[in-house]
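All figures in this text were calculated on a predicted structure; none of them were measured in a lab.
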Amino acid sequence: MLAVASQLFMACGLVDFDLDDETPEAVEMHLNFDTVYVMVGDEFALSPEFTPDSVSNHEIYWTSSADSVVTAFNNTLYALSEGEAMVSALSVQNRISDSCYVYVMPRWEVASGDYPHDMVVYAHVTVHGQEPNENMLIGAFRGLECRGIGEWKEWQGKRYMQIRVYSEMMDDEDGVEERIRFLCYDRTILQVETFPQRINYDGGTHGSLSSLFELTIP
């Protein structure tokens, strides 16, 4: 578990804890997430939820256990570098607090010129019964190494995803298999999920425009 750094930074400058006696006091305050996954370079927000909901003062004082990884400014959080941090929110009213673990991932990028070989997956993608939206990123991975990023295409009015997967080896070279898994990063809910479907890198084509490979998170 990460230890909260003793040196706190302020999101909104100096904080005045003097409150109007008639202001409803917060009894509880919880952040809308307890664990999130974000990419280096992302900016995101965590929302405090108060009890009672009639609390008028929603001002938050943010702290981070590693401000070189995650920092805050004007209630927006910024993922600066790969790593982990615990971000804490302290309500100006009644000094109630809650925390959220933040895991910052490297950006999903592929230097295609570094790989001499590739294969293509033509996929029909669904996540919990829905087609991915613009806030979702689909990536192909060998272990922790990103080997491909999904791109939306259209053919005869049908939308599909093309994922070009890169490799250093020919298909099944020297009997070594490269097992490829697929991940979905959802920037709306700040989570990463794994598709159950996996394939071996074989240099061929998986799926076709008339018979798409099913890539589905139930």
Side-chain angles (χ1 to χ4, degrees), residues 1-16 26 28-50 53 55-93 95-112 125 127-128 130-141 144-152 161 163 181-195 217:
M1 180 178 295
L2 296 171
V4 179
S6 59
Q7 295 296 320
L8 306 182
F9 62 84
M10 296 186 202
C12 305
L14 295 175
V15 178
D16 183 1
E28 294 182 357
M29 194 245 344
H30 299 287
L31 295 174
N32 58 331
F33 295 110
D34 56 16
T35 303
V36 298
Y37 292 81
V38 297
M39 286 185 182
V40 172
D42 281 358
E43 56 183 74
F44 61 102
L46 298 175
S47 300
E49 299 170 352
F50 292 89
D53 56 14
V55 171
S56 59
N57 189 344
H58 290 185
E59 189 174 356
I60 293 296
Y61 177 77
W62 295 99
T63 70
S64 173
S65 65
D67 56 12
S68 62
V69 175
V70 179
T71 192
F73 182 72
N74 288 341
N75 293 323
T76 299
L77 298 165
Y78 297 87
L80 302 181
S81 64
E82 185 179 353
E84 302 176 10
M86 185 169 71
V87 172
S88 297
L90 176 66
S91 170
V92 169
Q93 186 177 63
R95 301 192 183 189
I96 299 172
S97 65
D98 195 20
S99 300
C100 176
Y101 283 100
V102 180
Y103 296 86
V104 182
M105 309 173 289
R107 296 195 69 79
W108 291 4
E109 298 174 330
V110 183
S112 57
V125 182
V127 177
H128 306 309
Q130 302 294 323
E131 186 177 274
N133 57 46
E134 65 278 2
N135 290 318
M136 295 181 181
L137 186 63
I138 309 299
F141 285 78
L144 298 177
E145 184 180 3
C146 186
R147 292 295 188 85
I149 301 294
E151 296 182 63
W152 285 112
M161 181 166 282
I163 310 172
R181 63 193 181 111
F182 300 92
L183 303 179
C184 173
Y185 170 41
D186 189 336
R187 283 189 170 96
T188 301
I189 61 173
L190 304 175
Q191 295 295 316
V192 175
E193 295 188 79
T194 302
F195 290 87
I217 295 178

S.K.: Does the side chain of Phe195 come within less than 4.5 Å of Val125's, by heavy atoms?
M.R.: yes
S.K.: Angle class for the Trp108/Phe141 ring planes (parallel below 30°, perpendicular above 60°, tilted otherwise)?
M.R.: perpendicular
S.K.: Flag the pair Glu134 / Trp152 as yes when at least one side-chain heavy-atom distance between them is below 4.5 Å, and no otherwise.
M.R.: no
S.K.: I'd like to know if the side chain of Arg147 and the backbone of Ala140 have a donor-acceptor N/O pair within less than 3.5 Å.
M.R.: no
S.K.: Any sub-3.5 Å donor-acceptor pair from Asp42's side-chain atoms to Met39's backbone N or O?
M.R.: yes
S.K.: Sub-3.5 Å donor-acceptor pair from the side chain of Gln191 to the main-chain atoms of Val38, do we have one?
M.R.: no
S.K.: Let me confirm one number: the SG-CZ distance from Cys146 to Arg107, rounded to the nearest 0.5 Å.
M.R.: 11.0 Å
S.K.: At their closest point, which heavy atom of Glu43 faces which heavy atom of Thr76, and how far apart are they?
M.R.: CB-CG2, 4.0 Å
S.K.: If you round to the nearest 0.5 Å, how far is CG of Leu90 from CD of Glu59?
M.R.: 10.5 Å
S.K.: Specify the closest pair of heavy atoms between Arg181 and Thr194, including all atoms of both residues, with the distance to one decimal.
M.R.: NH1-OG1, 4.3 Å
S.K.: Would the distance check show the side chain of Ser99 and the main-chain N or O of Met86 forming a donor-acceptor pair, the cut-off being under 3.5 Å?
M.R.: no
S.K.: Kindly indicate whether the side chain of Glu131, heavy atoms from C-beta on, has any atom under 4.5 Å from the side chain of Asn133.
M.R.: no
S.K.: Do Thr63 and Ser88 touch side chain to side chain, with heavy atoms closer than 4.5 Å?
M.R.: yes
S.K.: For the OH atom of Tyr61 and the CZ atom of Arg95, what is their distance to the nearest 0.5 Å?
M.R.: 10.0 Å
S.K.: So, using side chain to side chain contact (heavy atoms under 4.5 Å, CB included) as the criterion, who are the partners of Thr188 when residues are at least two apart?
M.R.: Asn135, Asp186
S.K.: Who passes salt bridge (charged side-chain N to carboxylate O under 4.0 Å, His left out) against Glu109, sequence neighbours left out?
M.R.: none
S.K.: Could you grab the distance from atom CD1 of Ile96 to atom NE2 of His30, nearest 0.5 Å is fine?
M.R.: 9.0 Å
S.K.: How close do Gly148 and Val110 get, counting heavy atoms only, and between which atoms?
M.R.: N-CG2, 3.4 Å
S.K.: Quick one, Met105 with Tyr185, criterion side chain to side chain contact (heavy atoms under 4.5 Å, CB included). Give me CA distance, side-chain angles, the key distance, then yes/no.
M.R.: CA-CA 11 Å; Met105 309 173 289; Tyr185 170 41; 4.1 Å; yes
S.K.: For Asp34 and Tyr101: C-alpha separation, side-chain torsions, deciding distance, then whether side chain to side chain contact (heavy atoms under 4.5 Å, CB included) applies.
M.R.: CA-CA 6 Å; Asp34 56 16; Tyr101 283 100; over 6 Å; no
S.K.: Go through the steps to decide whether Tyr37 and Val102 satisfy the test side chain to side chain contact (heavy atoms under 4.5 Å, CB included), and finish with yes or no.
M.R.: CA-CA 6 Å; Tyr37 292 81; Val102 180; over 6 Å; no
S.K.: Is the distance from the ring center of Trp62 to that of Phe73 below 6.0 Å?
M.R.: no
S.K.: Between Ile138 and Pro132, which heavy-atom pair has the shortest distance, and what is it?
M.R.: CD1-CG, 4.4 Å
S.K.: Val104 pairs by side chain to side chain contact (heavy atoms under 4.5 Å, CB included) with which of Val70, Leu80, Val36?
M.R.: Val70
S.K.: Nearest heavy-atom pair of Ile217 and Glu193: which atoms, and what distance?
M.R.: CD1-CB, 3.7 Å
S.K.: Could you work out, with side chain to side chain contact (heavy atoms under 4.5 Å, CB included) as the rule, every residue matching Asn32, not counting sequence neighbours?
M.R.: Leu46, Ser47, Glu49
S.K.: Is the shortest side-chain heavy-atom distance between Leu77 and Val87 below 4.5 Å?
M.R.: yes
S.K.: Taking all non-hydrogen atoms of both residues, which atom of Cys184 and which atom of Val127 are closest, and how far apart?
M.R.: SG-CG2, 4.1 Å
S.K.: Any heavy-atom pair between the side chains of Ile60 and Met29 that's under 4.5 Å?
M.R.: yes
S.K.: Please check if the number of heavy atoms outside Gln130 that lie under 6.0 Å from its CD is greater than 12.
M.R.: no
